Structure formats: structure tokens, C-alpha cells
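Written out below as C-alpha cells is the structure these notes cover.
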Amino acid sequence: MQLGVLGGGQLARMLAMAAHPLGVRTTALDPSPDACAGAVAELIVAPYDDPEGLDRLGRVSDVVTSEFESVPAESADRLAASSVVRPNARALAVAQDRLHEKRLFTELGIDTPRFEAIGSQDDIDRMEGPGVLKTRRLGYDGKGQLVVRDESQRDGAFEQLGGVPLIWEELVPFERELSVIAVRGVDGSTAAYPLVENHHRDGILRLTHAPAPGLAAEMQALAEAYARRLLAELDYVGVLALELFQAGNRLIANEMAPRVHNSGHWTIEGSETSQFENHVRAVCGLPLGSTAQRMTCTMVNLIGGAPDVADLAAIEGAHVHLYGKAPRRGRKIGHVTVTSGEPAWRAVDELARGTADG
Ligand code: AMP
């Protein structure tokens, strides 16, 4: 079996590593010859919209998946014409546009912040109360966003965000940020991992606690119900991540990612079947594996730079994953999953803080 992946970053790399033991070979397409998946997968170096590169990927793959949501629609269509693409083009398209995404949440009875489509500065001036302005497309890790708390912050906001279509959301007073990762197989079977708690710094995920501490069973059930509605509605195959805000007993959907997700990296050690293996199983038409959690974990992202690997490896229960990427400000270059409790994850966190923008 041959798996094709659009994108050759760390997600493609970890997919390829999970695919190997299942006898699945991976080819990744990435514009950069240094793409880090190249160490463990065949690499096709081409832009994401290059017809020749896409056709090559389609030819060598039984099924094509993606490690990012911003796949150009024409590229997804071109691949779909000759290959099996999972998840499907509609799932990618919905996740690319915050307005479509939030409309779908609403249609499916999934709680989400109140929102409005914004097409001009006048629209912004009409909005009431504190809110968050986000570009509808191509926003990630907090980019393309503006929090509006007082009136003066509205001035020129439309231009400031590039004069592109926006969405206005109410500013949700949440207690914490959670995410749920779920998976759906070709036969329609689904499974979900425990809800996790996420901590960001400068808009980038820094820490994930799995499971989310002190979580009521009803919250897990609610998150799974949301995820299952999305998976079924989109006739989805593969792993889907749903980011949520918790406010009391409410779980409020922020956004979904039609792919494996950084807040699920802990599943490599922490679950019976990792999110990467389950994504490979799903898109390749294999039965899903158990999503049962083996032990409590905390995942620490290594951003901008990595501590000495020997220092990390010296911490018992610290599982080091370096992606083979050159350090650069704001870049995710590795993660550490800690399976031995709080003193150990705090020690890893401390080491990570010692690096450039830890
Ligand atoms: P996003 O790019 O949509 O994931 O947003 C980045 C971060 O901004 C989130 O992780 C939240 O911390 C914050 N945020 C986004 N939307 C809202 C909202 N409607 N209310 C409050 N905080 C938000």
C-alpha cells in the first residue's frame, strides 16, 4: 500500500513513521527539498499547485491525504480526479474558511461563539461588545487576528487585517482551552481520544495535558458527540481535531483541523494506537485501533530551538521527538511527551524555556 501526503513537515514525518510498521510506504510532496519528512519518506519537491508534481504524487499513491488544511482547491480537485483523497475535498474546503466552519457548527447544533461575516470597516463598526476579528481564510497559530476590547481598537481594523473577508466572533470568557481528536474509518466506524487541555504562548501551542485534568465524563461525551456529528456530516475518513473553549459546562467550538493535530502528539506513547497510526489505518481502509489511554501524559512543544538532547533524555519518562528541522524563531522543531508525572514535565518545560523562544 502506498500513501501520498500533501506536505512534508513533521506531521507527514510522523505519519510516515506510523505507516512503516503497517507495510504502508509514504511519499510526501513539499516545495522544499529540506522538508523533514524526506528523512523517512520519498519526497517529491514541487509547489502544492504544480500539476506535474500532483500527478506524480497521485500516480505513486493508492490514497492521498494532507498534513495541512490550506490545500488549494484546484490541487485537491486535480488529485481527486485520478486518486482517492481522504479526507475529502469538502472537509478541507470547510476547514479553510472560518465562516463556513462556524455555519456548519451551528447547523449541527455544535455550540460556537456568536459570529458575523465582515466585508468592510462599516460592518466592524456595527458590531457590539468585545470581539475577535479573524481573516476567514489562511489564519493559523493566532495569525490574521485582532482582539477588539475597546472602541479605539476598531479604527482601521479592516485595513490592518489586509482588507480581506473577515469573521467577527464574540470574545468568549472561557476557563480553558481543550481539544478532542476523533477518527472515522472507511466503514463509518468512529473512535475518539480523551479531551486534552492546551496551553499556548504567543499563539502557538506550548503544552498539552492528556487527559484534561479534572474533566467530567459529560464533557467527554459532549465533545465526542460534536466530533461524531462533524465526521458523519462530512462523510469524513481520517483523523479530525476539534478545538474547544470550556466555560462552565459549555464546550464552545473554536475551529476544526481536518488532519492529525499537535495536541494529539502525546498519543504516540500515551495511547494504544497513536493518532498517526489511526489516520493511516483510516485512510488506507484498515480497521481503526483502540484509542484507549495508557497513561497520563504532558506534551511539551520545542519551539524555536531545542535543549541538549542528552539533558532531555536524562529525565525519566521524557520521550524526545526531534523533527530534524533547523531552529528558527516561532518554528516547531520537536516535542517531548512526558509519561512520568509533574516534576518530570516541569523539568522538561524548564529546559525548553532555556532555548531561544521557549
Ligand atoms: P484560533 O486561531 O482561532 O485558534 O485562535 C487563537 C487563539 O485566540 C485561541 O487559542 C484563543 O486563545 C483565542 N481566541 C480565538 N477566538 C476566540 C474567541 N472567540 N474568544 C476568546 N478567545 C479567542
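Given the structure is predicted, the values throughout are model-derived calculations rather than measurements. Indexing begins at 1, ligand by ligand and atom by atom, following the structure's order. We're numbering straight along the sequence, starting at 1.
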- line: The atoms of ligand 1 lying under 4.0 Å from a heavy atom of Glu169, numbered in the order shown, are 16 (N), 18 (C), 19 (N)
- prompt: Can you find an N/O atom of Phe245 closer than 3.5 Å to an N/O atom of ligand 1?
  reply: no
query: Near Leu171, which atoms of ligand 1 are under 4.0 Å from a heavy atom of that residue?
result: 20 (N), 21 (C)
message: Does only the side chain of Asn254 get under 4.0 Å from ligand 1, or the backbone, or both, or neither? Count heavy atoms.
response: side chain
- prompt: Going by the atom numbers of ligand 1, which of them fall below 4.0 Å from some non-hydrogen atom of Gln145?
  reply: 1 (P), 2 (O), 3 (O), 5 (O), 6 (C), 8 (O)
task: Flag the pair Glu224 and Arg228 as a salt bridge only when some basic side-chain nitrogen lies within less than 4.0 angstrom of an acidic carboxylate oxygen.
output: yes
task: Give the contacting part of Val132 toward ligand 1: side chain, backbone, both or neither, where contact means a heavy-atom distance below 4.0 Å.
output: side chain
- request: Could you list which atoms of ligand 1 come closer than 4.0 Å to a heavy atom of Phe174?
  value: 12 (O), 21 (C), 22 (N)
field: Of Asn254, Asp111, Ile110, Val180, the residue whose pairing with Leu244 passes side-chain contact (heavy atoms from CB on, under 4.5 Å)
entry: Val180
message: Side-chain heavy atoms under 4.5 Å apart, restricted to Ile/Leu/Val/Met/Phe/Trp/Tyr: what other residues fall into the cluster of Val132, or is it alone?
response: Val147, Leu171
- prompt: For the residue pair Met14 and His335, what are the closest heavy atoms and their distance?
  reply: SD-CE1, 3.8 Å
- request: Check each heavy atom of Glu170 against ligand 1 and say whether those closer than 4.0 Å belong to the side chain, the backbone, both or neither.
  value: backbone
- prompt: If you group Ile, Leu, Val, Met, Phe, Trp and Tyr whenever their side-chain heavy atoms sit less than 4.5 Å apart, what else falls in with Tyr48?
  reply: Leu6, Leu29, Ile44, Leu54, Leu57, Val64, Phe68, Val71, Leu79, Val85, Leu92
- request: Report yes or no: do Thr337 and His321 form a side-chain donor-acceptor pair below 3.5 Å?
  value: no
- request: Report yes if some heavy atom in the side chain of Thr65 is under 4.5 Å from a heavy atom in the side chain of His279; otherwise report no.
  value: yes
query: Which atoms of ligand 1 sit under 4.0 Å from any heavy atom of Glu243?
result: 4 (O)
